[in-house]
Amino acid sequence: MQLFRKKPPPLPRRDLLRAKPVRNEKLTCEENSDGEIVLGIPRRKTWWINTMSRMFYVPSRRTVVLDRIGSFLWRLCDGQNTVDHVISTIRTEYKLERKEAEVSTLTYLKQLTEKGLIGLAVANRKGERHA
Amino acid sequence: MNRGAPKWVVTGWHHLSFERPEDWSIGAVSGDFSTGYLRLDDSEMPRFELRWERTRGRESADQVVARYLRNLTGKGGKKAPPVKVRRDLALIKDETVLADRTVEGFHWRTEGPEPLQAYGCLWMCEICGRTVFAQVLGRGGESMMTRASRLLNTLDDHARGDTATWAVYGLRIELPADCVLKHHSFMTGRIELTFQRGSARLELLRMSLAEMHLEDRTFPDWFQDTYGSEIDTWIDDAGLTGGHPSIGGTGQGVDPDSVHARMAWLPWRRPRKKPLSCRGWHCIDGNRIYVLRHLDESHRPEFLDEIAGTVVCH
């Protein structure tokens, strides 16, 4: 039950930097003429939306266009690069201070995670990976 | 893998200045000239803590350190791992620095699964009247004496000469020592520092990701679009600043101190305008835009030239 569910503890900073962002496989990903990433997010099939879709037109996909920096970051979220590597790459590419790059990248990754567009693969103590 | 020695750079804040490894950046900052706190972090943990406050009372440096270490050892309770403390360390060796200060050096180390240690010192400066507490932090097994000693030996707590260094997040500027920081804002990609000097006001703005702001415009076009409304006379070729061509102008700017939040529609509560001198440049090497604005009782572009010349932008 959501009401009494205990909130998971936040990921320790060291683990967060070693985590690898992985894209949601259910999304479609295209590139537009400006080089920006266009994400197609499939509609959730809940009873409420299914009912609404009988009465109104509800598109089967929602489209999200990432801006230039967002697209650059999205390409780095391939499951191979760690968060730390993503931060370093953003810092070098856009000539930012470490803190500037770190704060903005972590905020953006958090937003993408909350929207379910990416997940973070974290190695546990036994070396296994969770997504 | 030998990653090589890190580059050391200057940090300057409220007339406190010191050298630090380049990969340590400001993690927390608060307070003003008389009382404040500054912390530097690397990618893993806090690395340097600096506290300062006006010297009050009759407590000596020795007593203040003793109180701090007593609190540190007593804070954890009975179950906490023990803290080993060493006192009276001669961490600062520069005789000129020691001349006007009473310095107390110390080292502490915690035991346990994730041991920590710190080299620190506290002094009371007779010139600026402040008590300064500084400590360099590290992991238990880390060899950090050399690094701590170097940092603490470069730590200075008041301006030498007529100018003071202000240096944060890769931005460095030399300002007259009587300039007081009135407001600061550290946002991702945007740093703003506002100083007050008598009735004059100096604003420094640095914007990262310049290419995104310019959006295919040239820098002079962007500058005119952004600041054109308050500039009457343009100086297209204001010389080179940090090796970059700069643009400037003079005009009338709204004095923010005269902007009233309530009943601003009354004629006598309308914002007052003051002579404004402005200067901006685009640092291509650092992909950043710099803007200096100076509000005073008269136009003083020569003062702005002088200040702009001290900015280290890349």
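Sequence lines set the chain letters: A, B, ... in the order given, protein chains first and strands last, and positions in each chain run from 1.
- Going from atom CD of B/E211 over to atom CD1 of A/I69 covers 9.5 Å, rounded to the nearest 0.5 Å.
- Here CG of A/L17 is found 8.0 Å from CD of B/E44. Values are rounded to the nearest 0.5 Å.
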- After noting the C-alpha distance and the side-chain angles of A/R98 and B/D42, does the key distance pass the salt bridge (charged side-chain N to carboxylate O under 4.0 Å, His left out) rule? CA-CA 9 Å; A/R98 164 88 200 179; B/D42 70 354; over 6 Å; no
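- In this structure, chain A has a heavy atom under 4.5 Å from the backbone of B/D285, while its side chain stays farther away.
- At least one donor-acceptor pair closer than 3.5 Å links the side chain of A/R13 to the backbone N or O of B/S43.
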- Message: Please determine whether side-chain contact (heavy atoms from CB on, under 4.5 Å) holds for the pair A/K95 and B/R288, giving the CA-CA distance in whole Å, both sets of side-chain angles, and the decisive distance to 0.1 Å.
- Response: CA-CA 9 Å; A/K95 295 174 183 169; B/R288 287 171 180 141; 5.7 Å; no
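- For the pairing with A/K99, the side-chain contact (heavy atoms from CB on, under 4.5 Å) check across B/D41, B/I26, B/L40 returns one residue only, B/D41.
- Side chains of B/Y169 and A/E100 form no contact here, defined as non-hydrogen atoms less than 4.5 Å apart.
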Result block: side-chain N/O donor-acceptor pairs under 3.5 angstrom for residues 186-193 of chain B, not counting sequence neighbours:
| unit_1 | atom_1 | unit_2 | atom_2 | d |
| --- | --- | --- | --- | --- |
| B/R190 | NE | B/E192 | OE2 | 3.1 |

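- The minimum heavy-atom distance between A/Y94 and B/L209, with the atom names listed, is CB-CD2, 3.4 Å.
- Side-chain contact between A/E97 and B/E22 is absent, with no heavy atoms from C-beta onward closer than 4.5 Å.
- Within residues 23-62 of chain A, no residue has any heavy atom less than 4.5 Å from a heavy atom of chain B.
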